[in-house]
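We use all heavy atoms of the structure for the numbers below, so side chains are in, but hydrogens, waters and symmetry mates are not.
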Amino acid sequence: METIIDRLIAVAGRYEGRGDGSESGPFDATIEITTLLGGMGATIDYTATAPDGSELHREHTVLAFDMWSGEATLYVLCAELSGVGQLVQASSSTFTNGQGTDGFELQIEIVIADRLEYVWSWGQPGEPLVEQSRAVFSLR
């Protein structure tokens with residue numbers, strides 16, 4: 001059975017694209033996907049840059065199966081999280097921290113089709129989950 005890790009490794013490489021965010025507005029984006037340990041996982045290095053060249057967001061993320069639960073898990077390191085965030089797979093393309101409306105809900109979606117999309121959504125405690133940023137990369 002093909003996993004999200006298999007699908008991500010199949011498109012490994014460096015891509016440039018465009019995005020839009022609710023707080024940032026339009027931005028340029030780069031994403032680099034690298035295979036780890038012969039296919040045991042992948043890294044995602046993602047950067048969003050404003051039109052003036054200033055950096056809006058940078059992250060280093062590892063996707064691998066958690067050794068205890070066996071679930072595909074994203075380990076996201078970025079300044080906005082003030083450390084490493086752990087998000088588990090909730091659907092074929094979506095990862096969540098599982099906080100729901102009781103806490104700060106965070107979700108990252110990795111869509112791999114004729115293009116690659118990297119989507120961040122979040123909701124403050126007591127508020128619904130809302131898409132905040134979407135970057136799109138051509139896979140051709």
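Within a 6.0 Å sphere centred on CZ of Arg58, heavy atoms belonging to other residues, nucleotides or ligands number 12 at most. Under a cut-off of 6.0 angstrom, the local environment of CZ in Arg18 is crowded, with over 12 non-hydrogen atoms contributed by other residues, nucleotides or ligands.
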With side chain to side chain contact (heavy atoms under 4.5 Å, CB included) as the criterion, how do Asp66 and Gln86 come out once you've worked through the C-alpha distance, each side chain's angles and the decisive distance to 0.1 Å? CA-CA 10 Å; Asp66 181 79; Gln86 181 176 340; 4.3 Å; yes
Verdict with reasoning, Val130 to Trp122, per side chain to side chain contact (heavy atoms under 4.5 Å, CB included): CA-CA 5 Å; Val130 175; Trp122 65 79; over 6 Å; no
Side chain to side chain contact (heavy atoms under 4.5 Å, CB included) between Glu131 and Ser121, worked out: CA-CA 4 Å; Glu131 182 177 307; Ser121 299; 3.7 Å; yes
Should Ile4 and Ile112 be marked as a side chain to side chain contact (heavy atoms under 4.5 Å, CB included) after you check the CA-CA gap, both sets of side-chain angles, and the distance that decides it? CA-CA 9 Å; Ile4 183 73; Ile112 306 166; 4.3 Å; yes
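In this structure, Ile5 and Gly39 approach most closely via the heavy-atom pair CG2-O, 3.9 Å. The shortest heavy-atom contact between Ser133 and Phe27 is OG-CZ, 3.5 Å. Nearest heavy-atom pair across Ala135 and Ala29 is CB-CB, 3.9 Å. Here the shortest heavy-atom pairing between Ala90 and Thr96 reads CB-CG2, 3.7 Å.
Cluster annotation: Val11 is connected to Ile44 through the hydrophobic network of ILVMFWY side chains, with a link wherever side-chain heavy atoms come within less than 4.5 Å. No continuous path of hydrophobic side-chain contacts links Leu36 to Leu87 [ILVMFWY only; heavy atoms under 4.5 Å]. Put simply, Tyr75 and Ile31 are part of two different groups of oily side chains (I, L, V, M, F, W, Y) that touch within less than 4.5 Å, one to the next.
Side chains of Thr61 and Tyr118 form a contact here, defined as non-hydrogen atoms less than 4.5 Å apart. Side-chain contact between Ser92 and Arg7: present, with at least one pair of heavy atoms (C-beta onward) separated by less than 4.5 Å.
Using a 30° and 60° split on the angle between ring planes, His57 and Trp120 fall in the perpendicular class, above 60°. Ring geometry for Phe137 against Tyr46 counts as perpendicular: the plane angle is over 60°, on a 0 to 90° scale with 30° as the lower cut.
Here Glu16 pairs with Arg14 in a salt bridge; the nearest charged N to carboxylate O distance falls below 4.0 Å. With respect to Arg134 and Asp20, no salt bridge is recorded, no charged nitrogen being found less than 4.0 Å from a carboxylate O.
If you run side chain to side chain contact (heavy atoms under 4.5 Å, CB included) between Leu74 and each of Val88, Ile110, Val62, only Ile110 comes through.
Side chain of Asp45 to main chain of His60: no donor-acceptor pair is present (N/O by atom type, distance under 3.5 Å, no hydrogens or angles). With Ser54 contributing its side chain and Asp52 its backbone, the two residues share no donor-acceptor pair below 3.5 Å. Thr3 places a side-chain N or O within donor-acceptor distance of the main-chain N or O of Asp6, the cut-off being under 3.5 Å.
Side-chain contact of Glu71 with Thr73: a donor-acceptor pair under 3.5 Å is absent, judged by distance alone.
One distance of note links CG of Leu56 with OG1 of Thr47; it measures 10.0 Å at 0.5 Å rounding. A distance of 10.0 Å separates CD in Gln132 from CG in Leu106, rounded to the nearest 0.5 Å. To the nearest 0.5 Å, atoms OG (Ser93) and CD (Glu109) are separated by 4.0 Å. Separating the CG atom in Leu63 from the OG1 atom in Thr43 is a distance of 10.0 Å, to the nearest 0.5 Å. In this structure, CD1 in Ile9 is found 10.5 Å from CD in Glu2, a value given to the nearest 0.5 Å. The line from CD of Glu59 to CD1 of Ile108 is 5.5 Å long, rounded to the nearest 0.5 Å.
In the hydrophobic clustering (ILVMFWY side chains linked at under 4.5 Å, chained through shared members), Met40 is joined by Leu37.
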